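Values in this document were obtained by computation on a predicted structure and should not be read as measured data. The figures that follow rest on heavy atoms only: side chains count, while hydrogens, waters and symmetry mates do not. We count ligands from 1, going down the list as the structure has it; atoms in each ligand are counted the same way.
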Amino acid sequence: MDLLKEKILTMGQVLSEEVLKVDSFLNHQIDISLYEAMGEEFKRIFSDTQVDRILTIEASGIGIACMAAHYFRVPVVYAKKTTSKIMQDEAYEAEVFSFTKNCSYTVRVLKPYIKPGENVLVIDDFLANGQAVLGLKQIIEEAGATLAGVGIVIEKGFQDGGKKLREMGIRVESLAVIGSMSRNGINFL
Ligand code: 5GP
């Protein structure tokens, strides 16, 4: 997606050869025109797929998933990273290893918010080693639903998540795939 690639090139900050910071338009300050265009693009890409619900993970995935859900006209639900006294319903849970925080955490989705038989599209901001997507896949399957596909904003093609998920037969569609990056520049695949 050209608009996204242009934003990455002009506003992205390469923190290391593995970590890209995109706080100025994606992860902290939000460029709503870009979000809108990305939501529409996910709808176009997955227009041949039955999608009953969109699932993401807090926090960065929520805005993007909401924009996509607006075009699909389906509910969006996000996996929570913390629990609280008001989470009284039973939850589906999965352990996820965080690439950026270098630790594991539990994500939860309350049982009423994924129904058996639904086709669920997963949306997230980055794909690195695929741990977040695998955690969400586990929750979807535990609910008796089906993973319809995975929509990613930025896939880092030099990490193994995309390969691993595609080898499992999962349809992964990314709006921008980075082949390599360094402080000298970013190359897209
Ligand atoms: P994975 O689970 O695929 O290993 O990592 C994906 C998750 O880690 C995403 O939900 C995203 O929040 C975070 N992440 C992975 N790589 C990056 C990165 O280069 N930059 C930022 N900002 N987040 C990342």
Inset, instruction - Check each of Leu165, Val96, Asn129 against Leu134 using the side-chain contact (heavy atoms from CB on, under 4.5 Å) test, and report the only one that passes. - result: Leu165
Inset, instruction - Using a strict cut-off of less than 4.0 Å between a Lys/Arg side-chain nitrogen and an Asp/Glu carboxylate oxygen, indicate whether Arg171 and Asp48 qualify as a salt bridge. - result: yes
Inset, instruction - Examine Gly130 against ligand 1 and note whether any of their N/O atoms are separated by less than 3.5 Å. - result: yes
Legend entry - Exam field: side chain Asn187 to backbone Gly179, donor-acceptor pair closer than 3.5 Å: no
Inset, instruction - For atom 22 (N) of ligand 1, find the nearest protein heavy atom and state the residue, atom name and distance (0.1 Å precision). - result: Asn27 OD1, 3.2 Å
Inset, instruction - Just jot down the ligand 1 atoms closer than 4.0 angstrom to any heavy atom of Val19, in number order. - result: 19 (O)
Legend entry - Shortest protein heavy-atom distance from atom 17 (C) of ligand 1, along with the residue and atom involved: Lys156 NZ, 3.4 Å
Legend entry - Mode of Asn129 contact toward ligand 1 - side chain, backbone, both, neither (heavy atoms, under 4.0 Å): both
Legend entry - ligand 1 to Leu20 polar contact by distance, N or O atoms, under 3.5 Å: yes
Inset, instruction - Please state whether Gly161 comes within less than 4.0 angstrom of ligand 1, counting heavy atoms only. - result: no
Legend entry - Identity and distance of the protein heavy atom lying nearest atom 10 (O) of ligand 1: Asp124 OD2, 2.8 Å
Inset, instruction - Check whether any N or O atom of Ala128, backbone or side chain, sits under 3.5 Å from an N or O atom of ligand 1, and answer yes or no. - result: yes
Legend entry - NZ/NE/NH1/NH2 to OD/OE distance under 4.0 Å, Arg44 and Glu40: no
Inset, instruction - Using a cut-off of 6.0 Å, state whether more than 12 heavy atoms not belonging to Phe158 lie near its atom CZ. - result: yes
Inset, instruction - Run the salt-bridge test on Glu155 and Arg166 with the 4.0 Å N-O cut-off and return the result as yes or no. - result: yes
Inset, instruction - Please report which non-hydrogen protein atom sits nearest to atom 24 (C) of ligand 1, along with the residue it belongs to and the distance in Å to one decimal place. - result: Thr100 CG2, 3.5 Å
Inset, instruction - Determine the minimum heavy-atom distance between Val120 and Ala145, stating which atoms define it. - result: CG2-CB, 4.0 Å
Legend entry - Nearest-contact summary for atom 12 (O) of ligand 1 - protein heavy atom, Å: Asp125 OD1, 3.3 Å
Legend entry - Sub-4.0 Å heavy-atom contact, Val22 with ligand 1: no
Legend entry - Atoms of ligand 1 close to Ala132 [distance to a heavy atom under 4.0 angstrom, numbered from 1]: 2 (O)
Inset, instruction - Could you tell me the residue and atom name of the protein heavy atom closest to atom 7 (C) of ligand 1, and the distance to it rounded to 0.1 Å? - result: Phe126 O, 4.2 Å
Legend entry - Atoms in ligand 1 with a heavy atom of Gln131 nearer than 4.0 Å: 1 (P), 2 (O), 3 (O), 4 (O)
Inset, instruction - Would you mind checking if Glu58 and Lys81 are paired as a salt bridge, meaning a charged N to carboxylate O distance below 4.0 Å? - result: no
Legend entry - Minimum heavy-atom distance Ile64-Tyr35, with the two atoms named: N-CE2, 3.4 Å
Legend entry - Minimum-distance pair of heavy atoms, taken over all atoms of Leu3 and Ala37: CD2-CB, 4.3 Å
Inset, instruction - Inspect the surroundings of CD in Glu142 and state if more than 12 heavy atoms from other residues, nucleotides or ligands are less than 6.0 Å away. - result: yes
Inset, instruction - Return the residue, atom name and 0.1 Å-rounded distance of the protein heavy atom closest to atom 15 (C) of ligand 1. - result: Phe99 CD2, 3.5 Å
Legend entry - Which segment of Ser60 sits under 4.0 Å of ligand 1 when only heavy atoms are counted: neither
Inset, instruction - Taking only heavy atoms of Glu18 into account, list the atoms of ligand 1 that are under 4.0 Å away from them. - result: 19 (O)
